[in-house]
Student: 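Encoded as structure tokens, here's the structure I'll be asking about.
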Amino acid sequence: MTTLIPAIAASLLLAGAAVAQDVKPGDAKAGEKKAAMCIGCHGIPGYQASFPEVHKVPMIAGQGAKYVVAALGEYKKGERKHPTMRAVAAPLTDQDMADLAAFYEQLPKEQPQLAEKAKATPEVDALLKKGNCVSCHGENFSKPIDGSYPKLAGQHADYLFVALKAYQTNGNPQIGRSNAIMVGQVKQFSHAELKTLAQYLASLPSELHTVPQSRFR
């Protein structure tokens, strides 16, 4: 038995590696077919969710594929707590996530007019420096240093506010996000300061937008 245990463990590791290798690069056409479960919320401009409070659902057309995969994985694992998104993400395979991400990444991006960038007030500038936001989310908060980080510029202010508050929420089985970096950054701010940040980020020129549901057909 003692000789079998290492052999079994090794075979399980190899099997896991084989499964991971089975995930092919995302297929946008396959992702379009799988997006039917997404368009009911993310394919309607201005659509509002009511949990945990009324807010517009985030724009995901224009986000990078790596971020979409990361976000879906966090919902599936419960690192982002949200009953509806957990139910959507739970049955997805890694290949499903890769295909959906490829589909949303290839949708036409908005072409932001960077000359129209809103100038941060001294108050906002101080908050951005306090959170060191640009160090991860990049120039104009639209060029993240890692693809698994989101573009923030132009995202709906009410959604950003809800998302930021989620990193401050502990012990709630339905609400909260557990990313260690964001938890550490967001805990420095009051809700009023988070709302101010969200409103500024939403005012920036953006590549993000919502592709109307009818255009998926």
Student: For V186, is there any backbone N or O sitting under 3.5 Å from a side-chain donor or acceptor partner on Q168?
Tutor: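 At least one qualifying donor-acceptor pair exists.
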Student: May I have the list of side-chain donor-acceptor pairs in residues 43-50 shorter than 3.5 Å, sequence neighbours left out?
Tutor:
none

Student: Partners of N170 by side chain to side chain contact (heavy atoms under 4.5 Å, CB included), sequence neighbours excluded?
Tutor: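 Not a single residue meets the side chain to side chain contact (heavy atoms under 4.5 Å, CB included) criterion with N170.
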Student: Check A101 against A65 and note the closest heavy-atom contact, atom names and distance.
Tutor: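 Reported closest heavy-atom pair: CB-O, 3.3 Å.
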Student: Filter on ring pair (Phe, Tyr, Trp, His ring centres under 6.0 Å), then keep only pairs touching residues 156-189, sequence neighbours left out; what's left?
Tutor: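 Non-adjacent pairs meeting ring pair (Phe, Tyr, Trp, His ring centres under 6.0 Å): zero.
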Student: Which heavy atom of Q106 sits nearest a heavy atom of A28, and at what distance?
Tutor: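 The pair with the smallest heavy-atom distance is CG-CB, 3.6 Å.
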Student: Nearest heavy-atom pair of G154 and S206: which atoms, and what distance?
Tutor: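 Taking G154 first and S206 second, the nearest heavy atoms are CA-CB, 3.4 Å.
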Student: Is there a side-chain contact between E207 and S142 in this structure, where contact means two heavy atoms from C-beta onward sitting under 4.5 Å apart?
Tutor: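 Side-chain contact under 4.5 Å: yes.
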Student: Tell me every residue that passes side-chain hydrogen bond (donor to acceptor under 3.5 Å, both in side chains) with D96, counting only those two or more places apart in sequence or in another chain.
Tutor: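 Listed in chain order: K34, T93.
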Student: State, with a plain yes or no, whether a side-chain heavy atom of L127 is found less than 4.5 Å away from one of Y200.
Tutor: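 No, every pair of side-chain atoms sits at 4.5 Å or beyond.
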Student: Say whether, by atom type as modelled, one donor and one acceptor occur between the side chain of Q188 and the main chain of Q185 under 3.5 angstrom.
Tutor: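 Pair found, side chain donor or acceptor close to backbone of Q185.
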Student: Test your reading of the model: is there a side-chain donor-acceptor pair from H42 to the backbone of P58, 3.5 Å cut-off?
Tutor: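 The answer is yes, because a donor-acceptor pair under 3.5 Å joins these two groups.
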Student: Does D27 reach the main-chain N or O of D99 with its side chain, forming a donor-acceptor pair under 3.5 Å?
Tutor: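 Not a single qualifying donor-acceptor pair exists.
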Student: Can you sort out the partners of L152 under side chain to side chain contact (heavy atoms under 4.5 Å, CB included), two or more places apart, ordered by chain and number?
Tutor: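 Counting only residues at least two positions away or on another chain, L152 forms a side chain to side chain contact (heavy atoms under 4.5 Å, CB included) with H137, F141, P150, L160, L201.
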Student: How about N140 and L204: do any of their side-chain heavy atoms sit closer than 4.5 Å?
Tutor: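 The answer is yes; the side chains approach within 4.5 Å.
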Student: Membership question, hydrophobic clusters at under 4.5 Å side-chain separation (ILVMFWY): are L100 and V88 in the same one?
Tutor: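 Yes, it is one cluster - the side chains of V88 and L100 are joined through contacts under 4.5 Å.
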Student: Would you list the pairs meeting side-chain hydrogen bond (donor to acceptor under 3.5 Å, both in side chains) in which at least one residue belongs to residues 51-67, sequence neighbours left out?
Tutor: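 Sorted pair list: E53-K165, Y67-R80.
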Student: Are more than 12 heavy atoms from other residues, nucleotides or ligands located less than 6.0 Å from atom NZ of K130?
Tutor: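 Correct, the count exceeds 12.
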Student: Locate the shortest heavy-atom distance separating A153 from P205; write the atom from each residue and the value.
Tutor: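 So the two residues come closest at CB-O, 3.4 Å.
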Student: Are side-chain heavy atoms of P83 and Q174 found at a separation under 4.5 Å?
Tutor: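 The answer is yes; the side chains approach within 4.5 Å.
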Student: Please enumerate all residues that pass side chain to side chain contact (heavy atoms under 4.5 Å, CB included) together with I145, with sequence neighbours excluded.
Tutor: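 Per chain and number, I145 pairs via side chain to side chain contact (heavy atoms under 4.5 Å, CB included) with Y149.
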Student: Starting from V183, can I reach L194 by hopping between I/L/V/M/F/W/Y residues whose side chains sit under 4.5 Å apart?
Tutor: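 L194 and V183: one cluster.
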Student: If only atom types and distance count, is the side chain of K81 paired as donor or acceptor with the main-chain N or O of N172 below 3.5 Å?
Tutor: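 Answer holds: yes.
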Student: Restricting to side-chain hydrogen bond (donor to acceptor under 3.5 Å, both in side chains), what partner residues turn up for E105, sequence neighbours left out?
Tutor: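 For E105 there are no side-chain hydrogen bond (donor to acceptor under 3.5 Å, both in side chains) partners, ignoring immediate neighbours.
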Student: With sequence neighbours left out, what residues match A166 under side chain to side chain contact (heavy atoms under 4.5 Å, CB included)?
Tutor: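 Side chain to side chain contact (heavy atoms under 4.5 Å, CB included) check on A166 returns R177.
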Student: Not counting sequence neighbours, which residues clear side-chain hydrogen bond (donor to acceptor under 3.5 Å, both in side chains) with D125? List them please.
Tutor: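 D125 satisfies side-chain hydrogen bond (donor to acceptor under 3.5 Å, both in side chains) with K129 once adjacent residues are dropped.
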Student: Applying side-chain hydrogen bond (donor to acceptor under 3.5 Å, both in side chains), can you list everything that pairs with N179, at least two apart in sequence or on another chain?
Tutor: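 Here no residue qualifies.
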Student: Report the distance from atom CD of E74 to atom CG of L72, rounding to the nearest 0.5 Å.
Tutor: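 One finds 9.5 Å between CD of E74 and CG of L72.
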Student: Closest heavy-atom contact between A157 and A198?
Tutor: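 Residues A157 and A198, closest heavy atoms: O-CB, 3.5 Å.
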Student: With distance as the sole test, does Q95 use its side chain to make a donor-acceptor pair with the main-chain N or O of K24 at under 3.5 Å?
Tutor: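 Answer holds: yes.
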Student: State yes or no: do M59 and L107 share one hydrophobic cluster built from I, L, V, M, F, W and Y residues joined by side-chain heavy-atom distances below 4.5 Å, directly or via other members?
Tutor: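 In one cluster with M59: L107, no.
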Student: Which ring pair (Phe, Tyr, Trp, His ring centres under 6.0 Å) pairs, counting each pair once, include a residue from residues 73-101, with sequence neighbours left out?
Tutor: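 Only F51-H82 qualify under ring pair (Phe, Tyr, Trp, His ring centres under 6.0 Å).
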Student: Given the rule that I, L, V, M, F, W and Y join up when any side-chain heavy atoms are under 4.5 Å apart, are L164 and V162 in one cluster?
Tutor: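 The answer is no; the residues belong to distinct hydrophobic clusters.
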